[in-house]
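The block underneath contains the structure these notes are about, expressed in structure tokens.
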Protein chains: 4
Amino acid sequence: MKKSPGTLSRAGQRRQREKEGRREAILKAAMTLFASEGYNQASMEHIADEAEVSIGTVYINFKSKEEILAHLMDEIAYEIRKIVGDNFRTVEDPYEGMRKSGIAFMTEFCQKYPEKIIILYRESVGKSPLLEAHREKMHKQLVADLQGAVETLKEKSGFRFRSGLSSEIIATCIGGMYERIAYQFIIWQNRTDELDEASEEVVDFIVGGVNSLRMK
Amino acid sequence: MKKSPGTLSRAGQRRQREKEGRREAILKAAMTLFASEGYNQASMEHIADEAEVSIGTVYINFKSKEEILAHLMDEIAYEIRKIVGDNFRTVEDPYEGMRKSGIAFMTEFCQKYPEKIIILYRESVGKSPLLEAHREKMHKQLVADLQGAVETLKEKSGFRFRSGLSSEIIATCIGGMYERIAYQFIIWQNRTDELDEASEEVVDFIVGGVNSLRMK
Amino acid sequence: MKKSPGTLSRAGQRRQREKEGRREAILKAAMTLFASEGYNQASMEHIADEAEVSIGTVYINFKSKEEILAHLMDEIAYEIRKIVGDNFRTVEDPYEGMRKSGIAFMTEFCQKYPEKIIILYRESVGKSPLLEAHREKMHKQLVADLQGAVETLKEKSGFRFRSGLSSEIIATCIGGMYERIAYQFIIWQNRTDELDEASEEVVDFIVGGVNSLRMK
Amino acid sequence: MKKSPGTLSRAGQRRQREKEGRREAILKAAMTLFASEGYNQASMEHIADEAEVSIGTVYINFKSKEEILAHLMDEIAYEIRKIVGDNFRTVEDPYEGMRKSGIAFMTEFCQKYPEKIIILYRESVGKSPLLEAHREKMHKQLVADLQGAVETLKEKSGFRFRSGLSSEIIATCIGGMYERIAYQFIIWQNRTDELDEASEEVVDFIVGGVNSLRMK
DNA sequence: TATGAATGAGAATTCATTCAT
DNA sequence: AATGAATGAATTCTCATTCAT
């Protein structure tokens with residue numbers, strides 16, 4: 001008994017659920033292995049094993065290994081943009097928004113998902129032209145978001161920056177600061193518990209930096 | 001006619017020069033190829049070709065591909081520490097020193113040797129446990145230098161920081177800012193000519209940031 | 001139509017057969033090449049070609065070249081122990097058993113499978129620590145079998161040996177005699193047809209030797 | 001002041017001595033390394049280092065690595081033939097000669113020079129066609145010597161063997177017995193101290209074996 | 001759709017031998 | 001004669017991707 005097109009039979013729904021479950025399992029396995037062994041060392045066979053599917057199934061869901069990493073990068077970037085954006089917009093005062101979003105990034109993202117930090121800042125770096133292009137696009141978005149926030153700050157506070165370049169510089173600097181703090185405290189050293197404290201200082205540093213580029 | 005031990009015949013001197021020349025050629029070739037094609041894509045055969053020596057000769061000089069990259073990293077780190085350190089110490093006022101050294105890094109290093117920036121910030125990232133350890137050590141030194149400068153600043157200016165963590169946070173942030181600025185302007189976008197302008201703003205940002213972590 | 005777990009579809013059975021066929025083909029190719037060109041000279045590519053599979057397939061079946069040789073050694077040792085053991089046990093009189101098994105080794109094994117003799121006595125010698133350890137274990141088993149036979153002989157005949165070492169010495173000597181006879185007549189010289197005659201004399205030599213170590 | 005041809009100046013004599021010393025050093029180094037690391041693993045560079053000469057000097061003295069091993073094999077074979085032959089001829093009674101020479105081989109050669117046993121029975125096996133040919137020639141001589149001794153025994157004792165093949169079979173068996181006893185007790189197990197005891201039993205085994213091939 | 005055996009290009013590394021000095 | 005840097009062919013092994021079932 002065929003259903004009308006567009007709807008799915010119960011069995012079809014189950015298959016659909018299973019299919020998505022498999023896709024999720026593959027992404028999860030890949031994230032775990034990329035973070036623990038490194039992108040190059042984690043073979044497709046290993047990923048398939050970890051996800052409890054066959055290699056073939058991995059290729060049904062993703063057309064290449066690169067694509068898996070690209071997908072993970074997108075997911076991670078989306079989460080970060082969401083956390084940062086939501087926290088920025090929650091409060092009225094944009095200075096407070098910067099503080100809040102920075103601290104949220106550190107304590108609600110970095111501290112909770114260290115593997116994602118490893119993927120973002122270590123395992124996606126310098127892998128291939130395609131992935132590097134993807135990474136560039138991703139960072140461009142993050143910087144654009146930050147720049148937007150800086151512009152908002154400027155407008156709401158009614159000041160001007162030293163030059164047309166300033167807001168981009170600021171946004172880029174902020175991105176770099178968070179990256180290196182996370183890299184040092186999470187990837188190299190195991191000081192995740194100090195991130196609360198650190199993030200407080202980082203946001204103050206940022207606010208001080210931003211203000212020093214104000215005209216007058 | 002035997003020379004006294006320790007000195008070399010003219011012919012010996014020439015051979016010695018040739019030997020060193022070959023070593024340099026290999027490093028140069030590796031740097032060029034790592035920067036243009038990426039570490040993984042640049043095969044030892046390719047490097048040997050580019051250096052106009054045989055594969056065997058590469059292995060006489062470096063015991064593995066990893067070692068070549070480690071050597072390049074050391075060289076680059078040494079140059080950066082020298083440029084930054086020299087410029088910091090040239091002037092009396094440590095604020096001025098920070099400005100000067102930051103601008104020097106951007107204009108005398110990044111602008112002139114983009115391949116070194118690529119090696120440092122892209123091609124050495126996440127390659128292997130050994131190289132990652134090397135990279136950590138390298139960054140630790142750079143951060144230690146920066147932290148030293150920040151401490152000097154603090155002492156000469158006679159203030160205190162908010163916490164014992166502050167100077168480390170500041171140094172780490174500075175490292176991250178320069179990294180990402182260089183990455184964006186040199187590796188991803190071709191805006192090397194804007195680095196002069198950008199670096200001025202970055203150093204001001206830094207000074208503002210540092211001051212905002214001062215006690216009181 | 002799904003089969004119950006544990007059974008295979010006809011197609012699955014065929015695939016299973018093909019898989020095993022490939023494994024056999026690889027072992028056969030390796031045996032042939034190790035015997036004709038030598039273990040070191042026979043490259044994995046060469047083996048794969050001879051077996052009409054790809055190099056990758058060789059590595060699916062055996063994790064290294066060493067493992068292929070180790071496997072061949074095991075197979076050969078198993079066959080020898082079987083032939084020798086079966087023939088020894090077929091007859092009641094242990095003297096007759098020694099004669100029969102020795103002659104069987106020569107005429108039913110050495111004469112028929114000269115490549116196996118080459119692998120066993122030439123190509124597995126001194127290749128690597130791992131293989132040497134494997135070889136030691138293998139020979140220890142063969143000697144233990146022979147020693148068991150000698151002990152049986154002793155007990156059934158109701159005599160004692162000169163010392164506690166005697167049966168081990170005898171077993172070791174027997175192993176060495178067969179080895180060298182096979183090496184000389186099969187590997188170095190092409191006198192396989194004389195092995196019938198030779199083995200008769202060897203077994204008599206052995207019987208005489210054994211008796212000369214009897215007490216009294 | 002040129003000396004007449006055929007004589008050497010003092011300096012020339014010294015150079016000659018040094019040259020021979022170097023050759024000896026190379027052979028000694030090669031023996032040590034072949035025995036400890038194996039023929040394939042011992043590189044020419046390693047041998048040169050151990051002999052405290054350059055690679056070039058090794059090649060002045062021996063035209064290839066194979067030749068070094070061939071030379072060592074010759075030396076070892078010569079020593080064995082000398083020890084065995086001298087001991088056989090020392091006594092009148094050929095049975096006693098067999099006993100004496102066998103025991104001498106075990107206690108004066110195997111026990112004292114385990115590296116030579118390793119070279120002879122392990123490291124020279126199955127290396128290359130050339131070396132295998134060399135090895136065959138060497139063993140043929142050893143077997144011929146043994147066969148000569150067996151023939152002497154036969155003639156002095158005034159008996160005949162079962163067949164024309166007998167003396168060759170006996171000689172070959174003897175060679176194999178000593179080989180395997182030495183391999184087991186020296187190379188695989190560290191029971192060099194038991195060789196005294198073992199060799200006594202081996203020679204009795206041999207005598208018993210020889211007699212069992214006597215006609216009637 | 002799912003499977004996983006098969007593929008084979010590609011990579012790093014070794015080392016006997018040569019030869020200019 | 002002695003040196004030892006240079007050579008480069010050869011080898012083992014990996015792994016992303018394909019495709020017949």
Side-chain angles (χ1 to χ4, degrees), chain A residues 15-16 18-19 22 40-49 53-68, chain B residues 8-12 14-16 18-19 22-23 40-49 52-66 68, chain C residues 8-12 14-16 18-19 22-23 40-49 52-68, chain D residues 12 15-16 18-19 22 40-49 53-68:
Chain A
R15 274 202 300 276
Q16 183 67 24
E18 281 173 359
K19 189 171 180 313
R22 265 186 284 269
N40 289 321
Q41 281 60 50
S43 69
M44 288 299 256
E45 196 187 347
H46 205 150
I47 293 168
D49 271 8
V53 298
S54 68
I55 293 183
T57 301
V58 176
Y59 276 90
I60 287 166
N61 285 276
F62 301 93
K63 83 171 199 294
S64 68
K65 196 181 173 188
E66 274 183 328
E67 215 198 60
I68 298 178
Chain B
L8 262 71
S9 66
R10 301 282 299 269
R14 202 209 57 223
R15 273 200 301 274
Q16 184 67 25
E18 279 172 359
K19 191 172 176 320
R22 260 183 286 267
R23 194 181 160 86
N40 289 321
Q41 281 59 50
S43 71
M44 287 301 253
E45 195 185 350
H46 208 146
I47 295 169
D49 270 8
E52 298 184 310
V53 298
S54 68
I55 292 185
T57 300
V58 177
Y59 278 93
I60 287 169
N61 285 277
F62 302 94
K63 79 171 202 294
S64 67
K65 195 179 168 188
E66 271 186 331
I68 299 180
Chain C
L8 262 71
S9 66
R10 300 283 299 269
R14 203 209 57 225
R15 272 200 302 274
Q16 185 66 24
E18 279 172 0
K19 192 170 175 320
R22 262 183 285 267
R23 195 182 160 86
N40 289 321
Q41 281 60 49
S43 71
M44 288 300 253
E45 196 185 349
H46 208 144
I47 293 169
D49 270 8
E52 297 184 309
V53 298
S54 68
I55 292 185
T57 300
V58 177
Y59 278 94
I60 287 169
N61 285 277
F62 302 93
K63 79 173 202 294
S64 67
K65 195 180 167 186
E66 271 185 330
E67 218 197 58
I68 299 179
Chain D
R15 273 201 301 275
Q16 184 66 25
E18 281 172 358
K19 190 171 177 313
R22 264 187 284 268
N40 289 320
Q41 281 59 50
S43 70
M44 289 299 256
E45 196 187 347
H46 205 150
I47 293 168
D49 271 9
V53 298
S54 68
I55 292 183
T57 301
V58 176
Y59 276 91
I60 287 166
N61 284 275
F62 300 93
K63 82 172 200 294
S64 69
K65 197 182 172 186
E66 274 184 329
E67 216 198 59
I68 298 179

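Residue numbers start from 1 in every chain, and the chains themselves are labelled A, B, ... in the order their sequence lines are given, proteins ahead of strands.
- Look at CD on B/Q16: it is 12 Å from C1' on F/dG4, rounded to the nearest Å.
- By the neighbour-count criterion of 12 heavy atoms within 6.0 Å, atom CD of B/E45 is sparsely surrounded, having that number or fewer from other residues, nucleotides or ligands.
- Regarding B/I68, its CD1 atom lies at a distance of 15 Å from the P atom of E/dA11, rounded to whole Å.
- Between the P atom of F/dT11 and the CG atom of D/N40 lies a distance of 13 Å, rounded to the nearest Å.
- Within 6.0 Å of the CD atom in A/Q41, the count of heavy atoms belonging to other residues, nucleotides or ligands exceeds 12.
- Dashed line: the shortest gap from a side-chain N or O of B/R22 to OP1 or OP2 of F/dA5 is not under 4.0 Å.
- Separating the NZ atom of C/K63 from the P atom of F/dT12 is a distance of 16 Å, rounded to the nearest angstrom.
- Rounded to whole Å, the distance from CD1 on D/I47 to C1' on E/dT17 is 13 Å.
- Residues D/A42 and D/I47 approach most closely at O-CD1, 4.3 Å, considering heavy atoms.
- Counting only heavy atoms from C-beta outward, the side chains of C/N61 and C/V53 never approach each other to under 4.5 Å.
- For E/dA16, the OP1/OP2 oxygens have a side-chain nitrogen or oxygen of D/K65 closer than 4.0 Å.
- The side chain of D/Y59 lies closest to E/dA16, out of F/dT3, E/dA16, F/dA5.
- At the phosphate of E/dT3, OP1 or OP2 sits under 4.0 Å from a side-chain N or O atom of A/T57.
- Residues C/R22 and C/E18 form a side-chain contact, since some pair of their non-hydrogen atoms from C-beta on lies under 4.5 Å apart.
- As a whole-Å value, the separation of B/D49 CG from F/dT7 P is 11 Å.
- Between D/I60 and C/S64, it is D/I60 whose nearest contact on DNA chain F lies nearer the 5' terminus.
- Across the protein-nucleic acid pair, A/F62 atom CZ and F/dT18 atom C1' stand 19 Å apart, rounded to whole Å.
- Within the nucleic acid shown, C/M44 comes within 4.0 Å of sugar-phosphate atoms alone, with no base atom in reach, counting heavy atoms only.
- For F/dT3, one of the phosphate oxygens OP1 or OP2 lies less than 4.0 angstrom from a side-chain nitrogen or oxygen of D/S54.
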Here DNA chain F, pairs taken as Watson-Crick or G-U under 3.5 Å and shown with ( ), [ ] when crossing and | when to another strand, reads .||||||||||||||||||||
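- Look at CD on C/E67: it is 15 Å from P on F/dT12, rounded to the nearest Å.
- Where B/E45 and A/I55 meet DNA chain E, the nucleotide closest to each residue was compared, and A/I55 sits on the side nearer the 5' end.
- Closest non-hydrogen pair, C/R23 versus C/F62, comes out as NH2-CE2, 3.5 Å.
- Counted within 6.0 Å of CD on B/E52, heavy atoms from surrounding residues, nucleotides or ligands total 12 or fewer; the atom is thus considered open.
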